[in-house]
Every structure is written in C-alpha cells, then in structure tokens.
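Numbers restart at 1 for each chain; the letters A, B, ... are given by sequence-line order, proteins then strands.
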There are 2 protein chains.
Amino acid sequence: MTGRGRVASGQPTIADVARHAGVAVSTVSYVLSGKRAISEVTRNRVLASIRLLGYHPNAGARALASRRANVIALVLPLRSGIQVPVVMQFATAVVTSARSHDHDVLLLTSDEGPEGLRRIAAGALVDGVLVMDVELHDVRVPLLRELRRPSVLIGLPADTGGLTCVDLDFHRAGQVCVEHLAGLGHRRVALLGAPAAVYDRGTGFAHRTRAGVVEAAARHGVEAVTLPCEESAADVRRRVDVLFARHPDISGLVVQNEAAVGPVQAALAASGRRVPHDVSVVAVCPDQFAEHASPRLTSVPVPAEEIGRQAVALLMRKLGDEPAPEVTLLEPRLTVRDSTATAYHGPVAGPDGTTTG
Amino acid sequence: MTGRGRVASGQPTIADVARHAGVAVSTVSYVLSGKRAISEVTRNRVLASIRLLGYHPNAGARALASRRANVIALVLPLRSGIQVPVVMQFATAVVTSARSHDHDVLLLTSDEGPEGLRRIAAGALVDGVLVMDVELHDVRVPLLRELRRPSVLIGLPADTGGLTCVDLDFHRAGQVCVEHLAGLGHRRVALLGAPAAVYDRGTGFAHRTRAGVVEAAARHGVEAVTLPCEESAADVRRRVDVLFARHPDISGLVVQNEAAVGPVQAALAASGRRVPHDVSVVAVCPDQFAEHASPRLTSVPVPAEEIGRQAVALLMRKLGDEPAPEVTLLEPRLTVRDSTATAYHGPVAGPDGTTTG
DNA sequence: GCCGAGGGTCGAAGCGCTTCGACGACCGAT
DNA sequence: ATCGGTCGTCGAAGCGCTTCGACCCTCGGC
C-alpha cells in the first residue's frame, strides 16, 4: 500500500490527499500550483481534504521535482563597524517580503567565505542570493557572476556590469545634508563618518557619502572637513575635541555613524556647545535613532525596509527570468527635526532660515 | 543516457561522478557520508572526480531521500523593545555554530505567526527549530510541543516541561549586580529595566532580572527601587530625574536596557552626578557596549555567543535523538570596570582607586 | 451531424539522492 | 580444504513531488 508515507514520517503526503479526495495525485498538484485548469468542484474537494488531513507539501520533494527551492539566501556581514540595527532592519524586511512572494530566507554569514555561497548555490538549496554590505572591490562579486543563480546586491561595487544592485543614493544623501546646512547659512561643516576600517575596506556607502558631502560643499562654497569616526564614546569625544580645536568655526556636523550619534551629542554637550544653537547636526541613520535622540535629530534616514523590499522584488523578477535594472538608487529624503538651525553669523537672519552677512 | 542531469541544470549529479570515477552511485554516496567502509583507493578516486567535476550534492534530493534537510529554523522576534545588537549576536552565533555541525539556518520572523512555524516544520524544510525571545506564556510553546520536530528555546517560558531551554541566569545576574553594589557599601539602589512593553509581554529575562535584584537587595539589607525604562534619550532623562527627585540618596544603578546605557550616562552627567564618584552604574549588556561607554562600565555581559552555541549544540543532540536537559542556565559573570566604586558614606575608602574624604 | 478546440483529469516518468540487501573476495579459525 | 565473518562494492527500490503527454468530454461552428 501507498499509505506508508503517513506511517514513516507522520505527515500525510500528496498521495494521501489524492486518495482521500478520490482524485489523481497530479490533480492535487495542479490544484496547489494552479498550472492547469481544475473544476471548481474538484478543487474544493481537494482543498477540503488538504485541510482535513493537515497536509503540507514536502519541501525537499518539491524542490527536487520542480527545480525550485523557493528559498533565497541572505548573506549578512559580520564585520566590525557594521551598523547592526540597520542590518537587522534589512534582514527583517527581506524575510517579510520574501514571504509575501512565497519564499523563505536562508541566513548566511560571510565568515564561511565565498565557499559558502558556492555550496549553497550549487547545491540548489536556494534559488537566488541577496548580498549585503558590498565593498567596492568585493571578492564575492566575481563569484556571483560565475554562479548560475540570480543575485541582487544591497550596496554598490565599483563595477556593476551585469549585476543588479539596490541602495540608497548615498552620494545624494551626502549632498542633501550639506545643502540643508548650507541653506541655513553654515559655512564650515564637518562629516563624522564611518569607522576608519569601513573606509579602508572600500565599503561603498561610506565613500559615496563622503564624496557627496565634498562635492556639495564645493558647489555651495562651504568648507568641509571629513574624518572617520569610531564607535566608542571616548573616541568620539576625542575626535570632536580635536575637530573643534582645529576648526573652531565649524557650525554644522554631518554624522553618518549611527552608533556615534549619541556620543557625539554627549561630547558636544560636554564641551559646552548647544545643539542646534551653537552647532547644527544632521545624521544619516534610521529614523528611530533620530527620533529617540535628544534633541530629536534632523536626519536622512536609511530606508532599510524599502531597500530590502526592492531587493527582494528585483530578485523575484530575475527568478522569473524577467530583466532587472543594473542599478537602483533610492532618493534620500531629509527630515527636519530639532537639531539644525540657522547659523549664527551675525545679527540678521532671513525668515527662510538663511542668514544675511 | 543518464548524463542528462548536466545538460538540464548545468550541475553534475552523483551519477556523473560515479561514471567518471568508474564506480556505482551508491559508492559515491558512501564516500560522502562515510556510512560504510570504502577502500582508500576508491575513496580517493571518487574524491578526485568530485573535485574535478565540481560536484555539490543537490540539497533537495538529499533531503528527500534521507529525510534530513540539514537546515534548522531560527525564529527571531521583531517586537518593540528588543535589544537589536544582542539578537544579532545570537543570530550570528547560531549560524556559525550550525555550520560547524553541517547545518544551515533558515530565518523566520514571528510576524508570520505560529502558522509559519507549522508550515516550515510540517513541510520538512527544517529538521529543528530554535526560538528566541520567549515569553512566560508564549503562544508558540504549545505549538512546539505539538510539532514533531526537535526544538530549543532561547529564554524561559513559565512552564518548561518537556522543552529544552537555554538562557543566561538572569535571576542570578540581578543578584550579582546588587551584591556587587552592596559589597561596595551602597545602601540604596535602583534598577532601570527594560521598556514597559517588555514587562507587559511577560518576557522572562526582564522579570527574572528584576526578581533577582529585589531578592538580593532584601537579603543584603539594601533598598531597591525598580522601574521600566524606555529607549529614547528624553525619556531616560525624565526617568532619571524623577528617580533622584524621589530617592535622592540612591547611589547605585543597575541598567538592563542596553539602548538606555548611553542616555543614562548622559542624563547623570547632565544632572551633575559623576560616575562612579556620585553614582555607581552596573549594566547588563553586551561587553562591547560596556567597553565603548565612557567611563567603561562595570557589567554583566549577556553571553550571546555562548548561548547561541549551546542552543545549537542542544538542538543537534536532539536531532540525534539524544536526551537534552530541560533547562540550561548560564552562570553570569560580573566584569568590574570603571563605573562602580565604594559608596561615599564617610571619610574612608579602599586603596582601589576610590576617594578619601 | 461532424470536426476541432479546449477544459478537466489521469498515469507515468522522472528529479538526484540514500539505503538496504546481496554478493564476491579474502581472512583466520577449524 | 571448509566455514563463517568482514570488507568493499553494486543494483535497485524508493523518498514525495511536478510535469508531460494522452485521453475523454462537451461545445460551438459550419
């Protein structure tokens, strides 16, 4: 007898459902997949049996027969200097939207190296790959090209040819921050960026933000100092002190390192500088951080959720053999809160927040 | 011909390897699994063919035939008030140690609800389940019992009967913090705990810590105030102000909410209290946080890595049908850093860096 | 009244792997 | 010499599903 499946694994199989509903196995399959027309009557009978027996298709069998695992891999970084909450937001957004496309998510960390990717992809454990924290010259990029699986990168490598990448337009984000400060009349600003290790690795977003800041500053006749910034409170404090010692007239700060946001505020307070009265601060960080800070920070949020969703959507397109754009950059939006104000250049200030003189 | 596999999927199959090595398919399988003796000569020939062809076993086929997916599920919370970096540490530890047991990790978020768990488990996508952020009366617990898959919980529900749970001994952690402060002569301490929502949910660790604090305080003749604590800087500040307004003689603080650690320090500084001179602070948080704070914090670290490793090890035992203990509690260790000192009760203090007079 | 076109269903052939039983070869013990 | 016992290998039977081709009906068009 074929009812053995139930005995062996405790789970009903498609054969059990078919028998219970009095139809062929293939009919059950077609009810489930919708790939052929099935009469209303039959469909309902089958669905009733499925519910009654508590049937769940066996993932392995399905993957084997259909050559689709309905699983995508998410490769997360574990490196120093990563922005943990942002990464987490990505991850959850990816899981949620993958589920909405009927896919599950396999979690990989980079510490298994490229071999892990190869194993997963070649073994058909996953249909496609989502890679986070991409470096400008990432070792995984050539591998992705070689692998025969669709992939989407979150972040931009130096050469995007033949790839599919999604990210916030960090270059533009840098510009937007400076433009906001410049519009308020600030003439000397500083970027407190990611930790030095992140720049050294050639991580795209850090470099792109910096470039955006520098470029916008030049265009607006603003002087910009950029420097990396570690995460410890003590280090931040030191940086800030040195910064103001060398450039006492800096009145605008762009902070990219979310872990440093709190310490920066503390350091400013400790040195007697009030925000935004003496120094305006713009952060590039999750909204939640900006909201919870005190004062609440004017910020350019990193739309982790949106990027994750987009990345999954693009991957799904590629899984369906549809074409996908090489680069998708999301436009940054700046949210004005309580940490930025008109630069104090003299007695007069315009109603639009810019100074005169 | 059977070489079709290569054509269809581009991937060599076990049959290709067998043909290339001039052995039977089953022999290749036994070389890979080691479940039967294979001569040195044959083994090497097979391994050479595997390498040469770049063979990777098809995960679906393997899962189907062996009834083992070699994948475990990790159920992560997405709720408010969770400690993101800690969760992330868990996740990475779980992935890493799962890999060392030749398993991969499927990431689930709770927002699909218990149904997600059922789907995954019943569909044999995973062999076992790791559940994080367990509440005292968690809806998933009955489901886990009903499911026929091994599971391990990270955290403790109210009733652990028939389950396998791992966690830091938070009760003991609360005690340890208070004992440390008591030993330094502090007579009035406060616990700034998790956000109120976390207590309301009945999340074990928060309640257990509080109980430990209260109990140890009673035993050592210390007065203890406990209160929840949100994550925004402004809220922390308010809490701290209220706290000291009502209990001006509090000289020791236990902070459990890692997101609040920075703001607490800032709030103390703002109110003119020096750490540790005026107030001693003990945190329950990842070491990394404690190290990066300023001053560096005396802390009881949450050994996320160790817990993750243990959880995976236990799950592997259960997958192998070996018995596993119902509850595994890790002993907390307190690391003394620069944020705690002798209470100032009078002119005398020890030689360990505390003041005299 | 006949034909072609779908609609609805079935049966069977795999998908690539594990595992069980079988079998020859070779060993030391009788 | 003979007999059991290992060791090393093979062949074949699934694992539970998808999918292809075939088949039977029922229609509408002519």
Side-chain angles (χ1 to χ4, degrees), chain A residues 1-46 50 53 55-70 102 122-125 127, chain B residues 1-46 50 53 55-70 102 122-125 127:
Chain A
M1 71 184 274
T2 351
R4 218 156 71 230
R6 310 203 55 176
V7 177
S9 72
Q11 294 292 331
T13 72
I14 196 173
D16 296 316
V17 174
R19 204 170 317 119
H20 185 271
V23 299
V25 164
S26 49
T27 302
V28 177
S29 178
Y30 288 124
V31 166
L32 252 19
S33 71
K35 293 193 179 172
R36 283 202 186 175
I38 297 287
S39 71
E40 195 62 18
V41 175
T42 306
R43 185 206 319 295
N44 288 335
R45 196 142 37 89
V46 169
I50 287 177
L53 299 179
Y55 167 72
H56 289 266
N58 179 295
R62 189 182 275 229
L64 179 56
S66 68
R67 305 172 155 288
R68 297 288 244 92
N70 274 39
D102 194 32
L125 224 191
D127 303 320
Chain B
M1 67 183 279
T2 351
R4 217 155 73 231
R6 311 204 55 177
V7 177
S9 72
Q11 293 293 332
T13 73
I14 197 174
D16 296 317
V17 174
R19 204 172 316 117
H20 185 271
V23 300
V25 163
S26 49
T27 301
V28 177
S29 178
Y30 287 125
V31 166
L32 253 19
S33 71
K35 293 193 179 172
R36 281 202 186 175
I38 297 288
S39 71
E40 194 63 17
V41 174
T42 306
R43 186 207 317 295
N44 288 335
R45 196 142 38 89
V46 168
I50 287 178
L53 299 179
Y55 168 72
H56 288 264
N58 179 294
R62 195 190 275 245
L64 178 56
S66 68
R67 304 172 157 289
R68 297 291 244 90
N70 273 37
D102 194 32
L125 225 190
D127 303 320

>> Between B:K35 and B:G60, which residue's closest nucleotide on DNA chain C lies nearer the 5′ terminus?
In response: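 By nearest-heavy-atom nucleotide position, the 5'-most residue is B:G60.
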>> When the axes are fitted on five pairs at both termini, how much does the helix from C:dG1-D:dC30 to C:dT30-D:dA1 curve, in 10° steps?
In response: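 Nearest ten degrees gives 40° for this helix.
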Name the closest nucleotide to the [X] side chain, picking from [options].
{"X": "B:A61", "options": "C:dG16, D:dT18, C:dC10", "result": "C:dG16"}
{"X": "B:V23", "options": "D:dC10, C:dG16, C:dC10", "result": "D:dC10"}
{"X": "A:V25", "options": "D:dT18, C:dT9, C:dC15", "result": "D:dT18"}
{"X": "A:S26", "options": "D:dG11, C:dC10, C:dG16", "result": "C:dC10"}

Decide yes or no, distance alone: a donor-acceptor N/O pair under 3.5 angstrom between the base of [N] and the side-chain of [X].
{"X": "A:Y55", "N": "D:dC17", "answer": "no"}
{"X": "B:T42", "N": "D:dG8", "answer": "no"}
{"X": "A:S39", "N": "C:dG8", "answer": "no"}

Determine the minimum heavy-atom distance between [X] and [Y], stating which atoms define it.
{"X": "B:T13", "Y": "B:Y55", "value": "C-CE1, 3.5 Å"}
{"X": "A:G60", "Y": "B:A63", "value": "CA-CB, 4.4 Å"}
{"X": "A:L125", "Y": "A:A69", "value": "O-CB, 3.4 Å"}

Close side-chain approach of [X] and [Y], heavy atoms under 4.5 Å:
{"X": "A:I38", "Y": "A:V46", "value": "no"}
{"X": "A:R45", "Y": "A:V23", "value": "yes"}
{"X": "B:N58", "Y": "B:Q11", "value": "no"}

How many Å lie between [atom1] on [X] and [atom2] on [N], as a whole number?
{"X": "B:L125", "N": "D:dC17", "atom1": "CG", "atom2": "P", "answer": "13 Å"}
{"X": "B:R45", "N": "D:dG8", "atom1": "CZ", "atom2": "P", "answer": "14 Å"}
{"X": "A:N44", "N": "C:dT9", "atom1": "CG", "atom2": "P", "answer": "11 Å"}
{"X": "B:I50", "N": "C:dC17", "atom1": "CD1", "atom2": "C1'", "answer": "13 Å"}
{"X": "A:L64", "N": "C:dT18", "atom1": "CG", "atom2": "C1'", "answer": "12 Å"}
{"X": "B:D16", "N": "C:dC17", "atom1": "CG", "atom2": "C1'", "answer": "13 Å"}
{"X": "A:Y30", "N": "D:dG21", "atom1": "OH", "atom2": "P", "answer": "10 Å"}
{"X": "A:I14", "N": "C:dG11", "atom1": "CD1", "atom2": "P", "answer": "14 Å"}

List every contact pair, protein side and nucleotides 22-27 of chain D side both N or O, where the distance is under 3.5 Å.
{"residue": "D:dA22", "atom": "N6", "partner": "A:R36", "partner atom": "NH1", "Å": "3.3"}

OP1 or OP2 of [N] under 4.0 Å from side-chain N/O of [X]:
{"X": "B:R67", "N": "D:dC15", "result": "no"}
{"X": "A:S29", "N": "D:dT18", "result": "yes"}
{"X": "A:T27", "N": "C:dC10", "result": "yes"}

>> Keeping B:D102 on the side-chain end and B:N70 on the backbone end, is there a donor-acceptor pair under 3.5 Å?
In response: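 No, because the side chain of B:D102 does not come within donor-acceptor range (under 3.5 Å) of the backbone of B:N70.
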> With no hydrogens and no angle check, is any side-chain donor or acceptor of B:R43 less than 3.5 Å from a backbone partner on B:V31?
Replying inline: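 No: the side chain of B:R43 does not pair with the backbone of B:V31.
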> Who passes salt bridge (charged side-chain N to carboxylate O under 4.0 Å, His left out) against A:R36, sequence neighbours left out?
Replying inline: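 Testing A:R36 for salt bridge (charged side-chain N to carboxylate O under 4.0 Å, His left out), a comparison that skips the adjacent residues, returns none.
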> Who are the side chain to side chain donor-acceptor pair (under 3.5 Å) partners of B:T42, not counting sequence neighbours?
Replying inline: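 Once residues adjacent in sequence are excluded, the partners of B:T42 under the side chain to side chain donor-acceptor pair (under 3.5 Å) criterion are B:S39.
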> Can you name the residues that form a side chain to side chain donor-acceptor pair (under 3.5 Å) with B:H56, not counting sequence neighbours?
Replying inline: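 Partners of B:H56 by the side chain to side chain donor-acceptor pair (under 3.5 Å) criterion come out as none, since no residue qualifies.
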Give me the distances for all protein-to-nucleotides 5-7 of chain C N/O pairs that come in under 3.5 Å?
none

